[in-house]
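One structure is given here, and the rest of the page talks about it.
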Amino acid sequence: MRKFEGDELVIATHNDGKAREIAKLLSPYVSKFYTAKELGLDEPEETGSTFAQNAILKAVAAAKSSGKVSLADDSGLSVNALNGDPGIYSARLGGEHKDFNLAMQKIQDAIGDNEDRSAYFVCVLALGWADGHSEVFEGIVHGDIVKGMRGDKGFGYDPIFKANGYDITFGEMNPSEKHAISHRANAFKLLVENCLK
Ligand code: ITT
């Protein structure tokens, strides 16, 4: 397993919600980080067919263009009644304008009266180097899709997802509560243990 040795890292994302969460999780371990958006790096097309392939593709592309070790996150919401959709297509369900109210409504409509509202968020983090090497970690959190949308904290699909054992959605949680249990936090723990310590 290759370790991250430097003190500068690129967060290879153009999603502000993710960048905020990753920066918070990284802050005890890395002294300086930039986002791909801040550096004006191109957003590579996500041509992979798995979360891991897309995470590696984004991390290595950012590392090659910035010359710095880069951390990418490929994530999404999988709904069991919809055979795991939208999954790797979660960002694309909101259309060109990334309208997550529309995307959440599409999910509610597709679930309809189905009694199975179980779902899970997946996050795959890839740490990529300019020579093409990468290390990959996956985190999952299981829960349910609530009826309607609740809360305006977080981002993306947070207002419709409630983790098992909780009464409030991710959209109603404070960031520190979400960071204690989220798919991203679970993947991050593995990243820290293996590459950042
Ligand atoms: P980058 O590729 O630039 O990182 P993106 O938004 O295109 O940004 P993804 O392809 O990984 O990222 O899409 C993941 C989508 O899944 C994202 O747009 C969110 O809508 C959703 N998602 C991921 N993690 C989430 C979370 O913690 N809370 C709510 N929605 C989340």
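For clarity, every value in this text was computed on a predicted model and none was experimentally measured. Read the numbers this way: they start at 1 and go in the same order the structure lists the ligands and their atoms.
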Side chain, backbone, both or neither: which part of R184 has a heavy atom under 4.0 Å from ligand 1? side chain
Heavy atoms only, cut-off 4.0 Å: how does F161 contact ligand 1, side chain, backbone, both, or neither? neither
Is the side chain of S78 donor-acceptor paired with the backbone N or O of G76 at a distance under 3.5 Å, no angle test? no
Lys/Arg cation over aromatic Y34: K32, 6.0 Å, 45° cone: yes
Shortest protein heavy-atom distance from atom 14 (C) of ligand 1, along with the residue and atom involved: S75 O, 2.9 Å
Can a non-hydrogen atom of G76 be found less than 4.0 Å from any atom of ligand 1? yes
Sub-4.0 Å heavy-atom approach of F170 to ligand 1: no
Using atom types as modelled and distance alone, determine if a side-chain donor or acceptor of D42 lies under 3.5 Å from a backbone N or O of P44. no
In the protein, which heavy atom is nearest to atom 13 (O) of ligand 1, and how far is it? A91 CB, 3.3 Å
Any idea which protein heavy atom is nearest atom 6 (O) of ligand 1, and the distance to it? N15 ND2, 2.9 Å
Protein heavy-atom partner closest to atom 3 (O) of ligand 1 - residue, atom, separation in Å: H14 N, 2.8 Å
Compute the shortest N/O to N/O distance between H183 and ligand 1 and return yes if it is under 3.5 Å, no if not. yes
I need the atoms of ligand 1 closer than 4.0 Å to a non-hydrogen atom of D74, numbered in the order shown. 9 (P), 10 (O), 11 (O)
So how far is it from I168 CD1 to E177 CD, rounded to the nearest 0.5 Å? 4.5 Å
Min heavy-atom dist L77 to ligand 1 below 4.0 Å: no
Return the residue, atom name and 0.1 Å-rounded distance of the protein heavy atom closest to atom 5 (P) of ligand 1. K18 NZ, 3.9 Å
Check whether the side chains of S75 and D73 place a donor and an acceptor atom closer than 3.5 Å, and report yes or no. yes
K178 to ligand 1: N or O pair under 3.5 Å? yes
Could you check whether Q105 and D109, counting side-chain N and O atoms only, form a donor-acceptor pair closer than 3.5 Å? yes
salt_bridge(R150, E172) N-O dist < 4.0 Å: yes
I need the atoms of ligand 1 closer than 4.0 Å to a non-hydrogen atom of F100, numbered in the order shown. 18 (O), 20 (O)
Out of all atoms in ligand 1, which are within 4.0 Å of some heavy atom of E46? Include the element for each. 2 (O), 7 (O), 10 (O)
